[in-house]
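For reference, positions follow the sequence shown, starting with 1.
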Amino acid sequence: MEDYRSVADEVAAEIASGRLRPGDRLPTQRAFARGRGIADSTASRVYRELARRGLAVGEVGRGTFVRAAQPPPTPALAEPSTAGIDLELNYPEAPGQPALLARGLAPLLRPDVLGAALRPAGAAGTPEARQAAARLLEADGWRPDPARVLFAGNGRQAIAAAVAALVPPGERLGVEAVSYPVVKAVAHRLGVTTVPLAMDAEGLCPDALAAAHRATPLRAVYLQPTLHNPLGITMPEGRRAAIARTLRELGLYAVEDAVWRFLDDAAPPPLAAFAPEHVIMIDSLSKRVAPGLTVGFAVPPPGLADRLSAALRSGAWTAPRFALDAAARWAADGTLAAVAEAKRADAAARQRIAAERLAEFTVRADPRAYYCWWELPEQWRAETFVAAAARRGIAVTPAASFVVGPRGAPSAVRLGLASPPVETLSYALDVLAGLARATPEDVADD
């Protein structure tokens with residue numbers, strides 16, 4: 001009897017050669033067994049092996065399909081796409097932004113100032129940077145104590161340091177059931193188990209958080225209360241207060257990701273304002289300014305400052321002094337405020353384009369966000385749609401990248417609206433809308 005692994009190798013070779021393409025339906029296991037001259041039980045083991053390798057995925061009632069791609073070694077959204085039009089990553093740039101930033105950087109290039117800016121800085125940064133960060137993070141009457149602000153190289157590093165400080169290896173981190181993919185990768189690297197927590201139209205459910213903790217204790221929870229990525233949900237004030245009460249009752253810490261908060265200046269106060277003793281607030285300049293020169297901010301409760309500082313240092317995640325000095329100058333001269341205002345207008349304009357081009361479909365989005373969540377028509381699986389879009393030079397992200405835990409991913413994709421020029425975005429959305437109106441069979445031979 002032929003070993004099931006060798007048969008799986010043959011199918012893998014057919015996928016690699018292109019004879020089997022992403023989205024192709026494989027025969028039923030019985031038909032596959034007959035066609036290959038193997039036992040039904042061997043065919044079943046072949047299909048399980050293909051799924052284990054990430055080459056195939058089964059759907060109840062529909063069959064088994066070739067995956068769009070093998071799971072990447074790094075998480076989705078980690079690197080710029082090689083597609084012609086990138087609707088996967090969000091790199092917002094306001095009109096005239098380089099000129100605005102250049103003016104603020106010019107004083108740093110004087111030899112005496114540059115010399116100081118090239119010296120090292122610790123997790124606590126500089127007094128000027130702490131004051132600037134406190135002003136920048138101020139929201140609706142809440143302002144962090146400048147003495148408690150710590151700095152990372154970017155927002156991802158600040159998140160990684162917060163998780164490392166709060167959750168020992170082998171312990172559990174609660175995460176919204178649909179969440180930022182990098183958090184899953186960070187947890188995996190740190191040996192932390194992510195636990196999906198149910199959400200509703202207002203965001204994370206307090207009862208779900210409490211139930212998960214009482215079932216098997218969590219060490220912390222990560223959440224995005226404002227402009228949740230990818231769903232666009234902003235927690236109302238009442239839900240934030242309920243989450244804060246739950247954190248206090250359970251004695252839990254939360255990592256509040258506020259990286260997109262700058263786009264919604266009317267949002268309720270951050271979760272850190274409701275439970276300052278239980279929340280590490282994270283923000284950064286990656287989206288406010290640009291990913292190439294950025295700073296991450298972390299505001300811990302007083303009792304966690306030393307642990308978080310140690311995590312930043314041990315992970316080599318502290319911010320460079322040059323970036324700190326640049327950020328302080330941009331904050332002081334109004335550059336950051338001007339760029340944020342321009343990006344709010346830009347995001348709103350792009351959302352209007354998406355709403356117009358995708359009006360006939362089920363799309364979830366906040367009109368202030370740079371992304372939207374598209375629930376695809378029933379004839380499409382997310383991975384098949386992603387593969388078809390890629391053949392047209394457009395990169396989008398399947399829902400599976402955002403789903404936490406083992407549950408099946410919905411047939412949806414996230415569209416990042418920030419990176420391409422507006423005219424290119426309009427064109428890409430028209431192409432995707434046309435694709436969604438068709439069926440996988442209609443476009444299989446494109």
Side-chain angles (χ1 to χ4, degrees), residues 78-80 89-94 96-138 144 146-162 164-165 182 186 257-263 280-300 305 308-343 418:
E79 297 292 341
L89 295 184
N90 269 316
Y91 291 138
E93 180 176 319
Q97 177 175 308
L100 282 172
L101 298 177
R103 287 197 293 271
L105 287 179
L108 281 176
L109 302 183
R110 284 179 18 217
D112 58 327
V113 179
L114 183 60
L118 295 180
R119 296 185 187 122
T126 65
E128 295 79 13
R130 290 195 296 274
Q131 290 290 341
R135 290 193 298 271
L136 187 69
L137 300 177
E138 185 174 2
R148 290 199 288 116
V149 179
L150 301 175
F151 299 94
N154 55 45
R156 294 179 180 183
Q157 293 175 351
I159 291 169
V182 170
V186 165
D257 186 344
V259 167
W260 288 108
R261 182 184 172 86
F262 76 97
L263 290 175
I280 298 177
M281 182 182 180
I282 303 295
D283 203 336
S284 87
L285 298 185
S286 298
K287 308 303 182 183
R288 289 175 185 260
V289 182
L293 181 63
T294 185
V295 173
F297 310 111
V299 184
L308 186 54
S309 293
L312 287 165
R313 292 192 301 271
S314 64
W317 292 321
T318 54
R321 172 72 180 268
F322 185 89
L324 291 176
D325 287 357
R329 288 178 179 274
W330 287 330
D333 68 11
T335 296
L336 293 184
V339 170
E341 183 177 0
K343 287 187 177 181

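- In this structure, CH2 on Trp330 lies 12.0 Å from CG on Leu136, to the nearest 0.5 angstrom.
- Taking OG1 of Thr318 as the reference point, atom CZ of Arg313 lies at 9.0 Å (rounded to 0.5 Å).
- Between Ser284 and Arg156 there is no side-chain heavy-atom pair separated by less than 4.5 Å.
- Between Leu324 and Val295 the shortest heavy-atom distance is CD2-CG1, 3.9 Å.
- Counting heavy atoms of neighbouring residues, nucleotides and ligands inside a 6.0 Å radius, atom CD of Glu138 exceeds 12 of them.
- Scanning all heavy atoms of the two residues, the minimum distance from Asp283 to Val259 falls at OD1-CA, 3.5 Å.
- For the atom pair Arg119 CZ and Thr126 OG1, the distance stands at 12.5 Å (nearest 0.5 Å).
- Contact of the Leu308 side chain with the Ile280 side chain is registered, since non-hydrogen atoms from C-beta on lie closer than 4.5 Å.
- Of all the heavy atoms in Phe151 and Val149, the pair that sits closest is CZ-CG1, 3.8 Å.
- Proximity of a side-chain donor or acceptor of Lys343 to a complementary backbone N or O of Leu263 within less than 3.5 Å is not detected.
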Check against salt bridge (charged side-chain N to carboxylate O under 4.0 Å, His left out), Asp333 and Arg329 = CA-CA 6 Å; Asp333 68 11; Arg329 288 178 179 274; over 6 Å; no

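- Of the possible donor and acceptor atoms, none in the side chain of Asn154 sits under 3.5 Å from a partner among the backbone N and O of Thr294.
- Summarising the geometry of Ile282 relative to Gly155, their closest heavy-atom pair is CG2-O, 4.0 Å, with the distance given to 0.1 Å.
- Residues Pro300 and Leu150 come closest through the heavy atom pair CG-CD1, 4.1 Å.
- Judged purely by atom type and a 3.5 angstrom limit, Gln157 uses its side chain to pair as donor or acceptor with the backbone of Gly153.
- For Ala161 against Ala311, the heavy-atom pair with the smallest separation is O-CB, 3.5 Å.
- No donor-acceptor pair under 3.5 Å is formed between the side chain of Lys287 and the backbone N or O of Phe262.
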Test Leu336 against Arg288 for side chain to side chain contact (heavy atoms under 4.5 Å, CB included), laying out the working first.
-> CA-CA 7 Å; Leu336 293 184; Arg288 289 175 185 260; 5.6 Å; no

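- Interatomic distance, Phe322 CZ to Leu105 CG, rounded to the nearest 0.5 Å: 5.5 Å.
- Under a 3.5 Å cut-off, the side chain of Arg130 and the backbone N or O of Ala124 do form a donor-acceptor pair.
- Between the Gln97 side chain and the Val289 main chain, a donor and an acceptor come within less than 3.5 Å of each other.
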